[in-house]
Asker: 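The structure's right below; bear with me while I get my questions together.
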Amino acid sequence: MTTTEARPDAPPVERSTRRISINPRQSGIYVAFALIVVLFEVLTGGALLEPQNISNIIVQNSYVLILAIGMILVIISGHIDLSAGSVVAMTGAVSAVLMVNSQMPWFWAVLITLAVGAVIGAWQGYWVAYFGIPAFIVTLAGMLAFRALTLTVLGNQGIGPFPDAIRTLSNGFTDGYLGNIGLGPLGGADLVSLLAGVAAVAGIVFTQWRKRMGRLGYGQDVDPFPVFVLKLAGIAVLVMALVVQLARFKNLPWVLILLAALVLGYSLVAGKSVFGRHIYAVGGNLQAATLSGVKVKQVTFWIFVNMGVLAALAGIIFAGRLNQAGPTAGVNFELDAIAAAFIGGAAVQGGVGKVVGAITGGLIMAVINNGMSLIGAPSERVMLVKGVVLLAAVAYDIWTKRRAAS
């Protein structure tokens, strides 16, 4: 008696015998996010999900979400970066000197600032990857050094105002090119924003369908088709609800479009590229990765270069939002980005984490900040809640690991 294995070119065979189940480690963060949103929606009397407030949450926390994208890759590889906030301040100061003091065209100033961020990342990546100093020490030194350089450049005063293009990217919204469309009791909404939401939903459906067919092609179990459709319908409803609320206020924020592009690009890099697999391999088992031929030093080096570039981008966005580069910019930003990564499912030991998870963790922190501000909670209570949430997220990760191992 012979058995045949499923081939990639074999016609897909529906195998939806898998029981309906939820992976607590992968899905717990999204369930927690939904519960936190519902809680603050009730506590604020419906103010949390008002169109203007949703837009404020995105715009006011965009720089932390950008940092979280780079930080999740650093943490997956088994390292940490404590200098991100200081790099944000320094690169913001560099961009201000170029655009405001030197009157350089904003496009070239942005490119030079991103290059400065890459050089900073390369400097730190060299000491970590090729000299063997722990990332904790290198980036702690960087946190102090780059903050000192920021104070040297700016002194005790800010530099501004920034060009209109930078302020538009940080605070602006897309124009209503096709006008508004009526939504009944909801009022009018920007048609271009709604079409962008429909396109996003179509892209999600297409990628999930391809993933399902690929699993079927290899003979792997998948969710029953009704469950699959129900999950996609839930995602579509959430995406369109968010887009409708934004379209009712001032259309889509430009920084949201930038974030969407970054999330899509880095998700593909982390999940589909060879470099992404090497990042997970280095963080999951360093010795095995080395023996498998992974160029560990190069991977580590480029992870920190990438972190420096994203910190520079966050520095430009933050300075543009405030319309000036200040000496105190970026304080504790690295802690918010690290918390976002761990709340979003990153493992303390490395080797586990997703870009979407880090964004979700960052949004949880943003909703907590915004929600408690709306109910008038003092700052010390906000810090207390954020600390408890971070501890609970890491404890939950460790608990699920032990449960899976047993």
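This one's a predicted model, so the numbers in the text were calculated from it and none came from an experiment.
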Asker: Is the shortest side-chain heavy-atom distance between M99 and V110 below 4.5 Å?
Answerer: yes
Asker: Please answer whether the main-chain N or O of I279 pairs with a side-chain N or O of S77 as donor and acceptor at a distance below 3.5 Å.
Answerer: no
Asker: Work out which heavy atom in I75 is nearest to a heavy atom in A346; give both atom names and the distance.
Answerer: CG2-CB, 3.9 Å
Asker: Are V192 and T174 side-chain neighbours, meaning at least one heavy-atom pair lies under 4.5 Å?
Answerer: no
Asker: Please walk me through it: do L310 and Y266 pass side chain to side chain contact (heavy atoms under 4.5 Å, CB included)?
Answerer: CA-CA 11 Å; L310 288 179; Y266 278 92; 3.8 Å; yes
Asker: What are the two closest heavy atoms between L48 and T44, and how far apart are they?
Answerer: N-OG1, 3.2 Å
Asker: Rounded to the nearest 0.5 Å, what separation is found between the CD1 atom of I159 and the CG atom of L98?
Answerer: 10.0 Å
Asker: Parallel under 30°, tilted from 30 to 60°, perpendicular over 60°: which one fits the rings of F228 and F225?
Answerer: tilted
Asker: Does K354 reach the side chain of I359, with side-chain heavy atoms less than 4.5 Å apart?
Answerer: no
Asker: Hey, could you give me each pair passing salt bridge (Lys or Arg N to Asp or Glu O under 4.0 Å) that has a residue in residues 143-166? Not counting sequence neighbours.
Answerer: D164-R167
Asker: Quick one: OG1 on T360 to CG on L65, what's the gap to the nearest 0.5 Å?
Answerer: 9.5 Å
Asker: Check for a donor-acceptor pair, side chain of N323 on one end and backbone N or O of P161 on the other, with a separation under 3.5 Å.
Answerer: no
Asker: Nearest 0.5 Å, please: how far is CG in D336 from CE in M71?
Answerer: 10.0 Å
Asker: Hey, does the side chain of N370 reach the backbone of A366 with a donor-acceptor pair shorter than 3.5 angstrom?
Answerer: no
Asker: Using modelled atom types only, decide if a donor and an acceptor are shared between the side chain of Q103 and the backbone of V100 within a distance under 3.5 Å.
Answerer: yes
Asker: Could you tell me the separation between the CG atom of L242 and the CD1 atom of I58, rounded to the nearest 0.5 Å?
Answerer: 5.0 Å
Asker: With rounding to the nearest 0.5 Å, note down the distance linking CH2 in W209 to CE in M213.
Answerer: 5.5 Å
Asker: In terms of ring plane angle, is the pair F333 and F318 parallel, tilted or perpendicular, where the classes change at 30° and 60°?
Answerer: perpendicular
Asker: Looking at every heavy atom in both A312 and T113, which two are closest together, and how far apart are they?
Answerer: CB-O, 3.6 Å
Asker: State, yes or no, whether a side-chain contact exists between V201 and V243 at a heavy-atom distance under 4.5 Å.
Answerer: no
Asker: Step by step, work out the side chain to side chain contact (heavy atoms under 4.5 Å, CB included) result for I368 and F40.
Answerer: CA-CA 8 Å; I368 291 174; F40 280 106; 4.2 Å; yes
Asker: Quick check: do D81 and Q124 have side-chain heavy atoms less than 4.5 Å from each other?
Answerer: yes
Asker: Begin from the C-alpha positions of L259 and S62 and carry the test side chain to side chain contact (heavy atoms under 4.5 Å, CB included) through to its verdict.
Answerer: CA-CA 8 Å; L259 276 170; S62 57; 4.2 Å; yes
Asker: Is a side-chain N or O of Y280 found less than 3.5 angstrom from the main chain of G353, in a donor-acceptor match?
Answerer: yes
Asker: So, taking the atom named CZ in R248 and the one named CG in L194, what distance separates them when rounded to the nearest 0.5 Å?
Answerer: 11.0 Å
Asker: Tell me if a side-chain donor or acceptor on E334 pairs with a main-chain N or O of S83 at a distance below 3.5 Å.
Answerer: no
Asker: Any donor-acceptor pair under 3.5 Å linking the side chain of S55 with the backbone of Q52?
Answerer: no
Asker: Are more than 12 heavy atoms from other residues, nucleotides or ligands located less than 6.0 Å from atom CD of E380?
Answerer: yes
Asker: Within a strict 4.5 Å, meaning less than it, do heavy atoms of the L111 and F107 side chains meet?
Answerer: yes
Asker: Show the nearest heavy-atom pair for residues S170 and I317, with the distance to one decimal.
Answerer: OG-O, 3.0 Å
Asker: For the residue pair S86 and T150, establish whether any side-chain heavy-atom pair is separated by less than 4.5 Å.
Answerer: no
Asker: Excluding sequence neighbours, so at least two apart, what forms side chain to side chain contact (heavy atoms under 4.5 Å, CB included) with T168?
Answerer: W254
Asker: Can you name the nearest heavy-atom pair linking A311 to T91, along with the distance?
Answerer: O-OG1, 3.7 Å
Asker: Which pair of non-hydrogen atoms, one from I364 and one from V389, has the smallest distance, and what is that distance?
Answerer: CG2-CG1, 4.4 Å
Asker: Among V87, V94, V309, which residue satisfies the side chain to side chain contact (heavy atoms under 4.5 Å, CB included) criterion with V116?
Answerer: V94
Asker: Quick one, I112 with M104, criterion side chain to side chain contact (heavy atoms under 4.5 Å, CB included). Give me CA distance, side-chain angles, the key distance, then yes/no.
Answerer: CA-CA 10 Å; I112 293 174; M104 181 179 291; 3.6 Å; yes
Asker: Would you call H79 and V128 a side-chain contact if the rule is heavy atoms closer than 4.5 Å?
Answerer: yes
